[in-house]
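Have a look at the structure below, then the notes.
Keep in mind that this is a model prediction, so the values were computed, not measured. The chains referred to below are lettered A, B, ... by the order of the sequence lines, with proteins before strands, and numbering in each begins at 1.
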There are 2 protein chains.
Amino acid sequence: MSSEPAPDRRRRDAAATRQAILDAAVTAFTRHGYDGVGVRDIAHNAGVTAMLINRYFGSKEHLFAEAVDVAFAPRTVITGTGTELAGQTARTLVARTAPEAEELGPFLLMLRSAANPRAAEIMRDAIARHAGRHLSEELSGAGAGMRAELMLAVQAGLWLMRRVLGTTALAEAPPEDLARYVTMLFQVLDMPAKDATPRG
Amino acid sequence: MSSEPAPDRRRRDAAATRQAILDAAVTAFTRHGYDGVGVRDIAHNAGVTAMLINRYFGSKEHLFAEAVDVAFAPRTVITGTGTELAGQTARTLVARTAPEAEELGPFLLMLRSAANPRAAEIMRDAIARHAGRHLSEELSGAGAGMRAELMLAVQAGLWLMRRVLGTTALAEAPPEDLARYVTMLFQVLDMPAKDATPRG
DNA sequence: GTCTATAAATGGATAGAC
DNA sequence: GTCTATCCATTTATAGAC
């Protein structure tokens, strides 16, 4: 006789709730950094209460670790391979770090959470597991690991200046000029160590 | 008869107290970032109580602004001029960002405070007033402002990876190899725009 | 010029009801 | 499976005594 109560959105669905929290966490940590966001904010954006974060993830720190893993897993850093690696990656990077771009991404999460020592450890491990490995595969020759992390450093620096701080010269620079220089930077880092000679 | 009380260290000396607070603030903000440090910590390190920070600086934010100005004022980013700019700056940078180095500096302050939006604004303005100007003076030719900020980006990226996160490949890389690549990066950015052609 | 004491808000995490 | 209510620590900033 009595009809079943209309099932609310995501009600009584542990997996969906967990996923909603995780999605909200990635966004919030990317926008405001580890210390800049509270579990209440994340829970609210996920449509649940703060308590469930501890229920499903144990603590804010564990939630952050999972969020970092999700954010760093996709192969977004490098586009293109071989001779087109430098130019294509540079153009993608310049477009994504444009002041008016709304795109989020692992570099923003990284920069905005780096101040917290625990968060820094978690991200260092995630880089070793994901981004560092991806990049090292693309590169070859002597010093590939070092050059891969130098590419990450260049990218992080550009994200910092253009999107986090918003300095004027980089904001106003013509994208094609900027892309030209960034391409040259990546070309330098694409050279194996034995071929590289400064000021030839 | 009653002898004067022995004058305590810094007691009743407004200028010295103010300076002690400012010094402690630079150190603390560099080590832990804007959100990672409380006014109590700073006051304690300065040998006073937290109340005096508001008395002398008005608020934590104003104290931060003055600390940033102090930290960014010295011309530490670039060493050497002309043809030796790239190599000398690279070697200094590699030495300062060595994992075992204890040196603090404006880049650590910048990276660890970037997550806070107000702090980011304050630092963007300070860069325009100090570091950006210094660098633009050293450089010449087309796109000097853009290339100067790209140099800052490269430096910030290396500080982030080596000193803040401590990623393995950059930590273990031989300093001379690392300096060689960083030198080449700076050489690229030392070229005026019209001379620069990727993959010549 | 500097202190103690406290206000007022916010943080992460938990207990227990339903 | 999810909620409300609460604990406890910590934050910036201020009031008022000395």
Side-chain angles (χ1 to χ4, degrees), chain A residues 2 4-25 28-29 31-67 112-113 115-119 122, chain B residues 2 4-25 28-29 31-67 112-113 115-119 122:
Chain A
S2 61
E4 299 293 321
D8 295 353
R9 190 172 46 107
R10 270 201 313 278
R11 204 156 158 254
R12 316 256 146 189
D13 184 340
T17 298
R18 211 192 118 97
Q19 190 61 44
I21 293 172
L22 191 52
D23 291 346
F29 285 135
R31 285 219 173 98
H32 309 111
Y34 183 82
D35 287 331
V37 68
V39 289
R40 283 178 177 79
D41 309 325
I42 297 173
H44 182 261
N45 286 345
V48 298
T49 64
M51 196 235 97
L52 289 189
I53 288 188
N54 284 344
R55 176 149 173 67
Y56 285 116
F57 296 90
S59 70
K60 180 184 180 183
E61 184 178 311
H62 285 118
L63 172 61
F64 179 76
E66 284 211 37
R112 293 199 169 119
S113 301
N116 186 289
R118 261 313 275 144
I122 290 168
Chain B
S2 62
E4 298 293 320
D8 296 353
R9 191 172 45 107
R10 272 202 314 276
R11 202 154 159 257
R12 318 255 145 188
D13 184 340
T17 297
R18 212 192 117 97
Q19 189 61 44
I21 292 172
L22 191 53
D23 291 346
F29 284 135
R31 286 219 174 98
H32 310 112
Y34 183 82
D35 287 331
V37 68
V39 289
R40 282 178 180 77
D41 310 325
I42 298 174
H44 182 259
N45 286 345
V48 297
T49 63
M51 197 236 94
L52 289 189
I53 287 188
N54 283 343
R55 179 151 172 62
Y56 285 116
F57 295 90
S59 70
K60 180 185 180 181
E61 184 179 310
H62 285 117
L63 172 61
F64 179 76
E66 284 212 37
R112 292 198 170 121
S113 301
N116 186 288
R118 264 308 280 145
I122 290 168

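In this structure, the side-chain contact (heavy atoms from CB on, under 4.5 Å) partners of A43(B), at least two apart in sequence or on a different chain, are V48(B), A50(B), I53(B). For D35(B), the side-chain hydrogen bond (donor to acceptor under 3.5 Å, both in side chains) partners two or more places apart in sequence, or in a different chain, are N116(B). For D41(A), there are no side-chain hydrogen bond (donor to acceptor under 3.5 Å, both in side chains) partners at least two apart in sequence or on another chain. A search for side-chain hydrogen bond (donor to acceptor under 3.5 Å, both in side chains) contacts involving T49(A) returns nothing, not counting sequence neighbours.
When the C1' atom of dG11(C) is taken as reference, atom CG of D35(B) falls 13 Å away, rounded to whole Å. Rounded to whole Å, the distance from NE2 on H44(B) to P on dT4(C) is 12 Å. The separation between I21(B) atom CD1 and dT2(C) atom P is 8 Å, rounded to whole Å. A straight line from CZ of R18(B) to P of dG1(C) spans 13 Å, rounded to a whole angstrom. Between the CD1 atom of I53(B) and the P atom of dC3(C) there is a distance of 11 Å, rounded to whole Å. Rounded to an integer number of Å, the gap from Y34(A) OH to dG12(C) C1' is 9 Å.
Among the heavy atoms of the strands, none lies under 4.0 Å from F57(B).
Residue pairs meeting the salt bridge (Lys or Arg N to Asp or Glu O under 4.0 Å) criterion with at least one partner in residues 52-67 of chain A, sequence neighbours excluded, are R18(A)-E66(A), E61(A)-R118(A). Annotation: ring pair (Phe, Tyr, Trp, His ring centres under 6.0 Å) contacts involving residues 33-58 of chain A, sequence neighbours excluded, comprise F29(A)-Y34(A), Y34(A)-F64(A).
The minimum heavy-atom distance between I42(B) and A28(B), with the atom names listed, is CG1-CB, 3.9 Å. Closest of all the heavy-atom pairs between G33(B) and S113(B) is CA-OG, 3.5 Å.
Side-chain atoms of L22(A) and L63(A), non-hydrogen and from C-beta on, do get closer than 4.5 Å to each other.
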Where do N or O atoms of nucleotides 13-18 of chain D meet protein N or O atoms at under 3.5 Å, pair by pair?
unit_1  : atom_1 : unit_2 : atom_2 : d
dA13(D) : OP2    : K60(B) : N      : 3.0

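Close to dG1(C), at under 4.0 Å from its OP1 or OP2, lies a side-chain N or O of R55(B). Between dC3(C) and T49(B), a contact under 4.0 Å exists linking OP1 or OP2 to a side-chain N or O.
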Subject >> Nucleotide-level pairing of DNA chain D, given in dot-bracket where Watson-Crick and G-U pairs need both distances under 3.5 Å and | marks other strands >> reply: |||||||.||||||||||
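The side chain of T17(B) approaches dT2(C) more closely than any other nucleotide in the set dT2(C), dC3(C), dT4(D).
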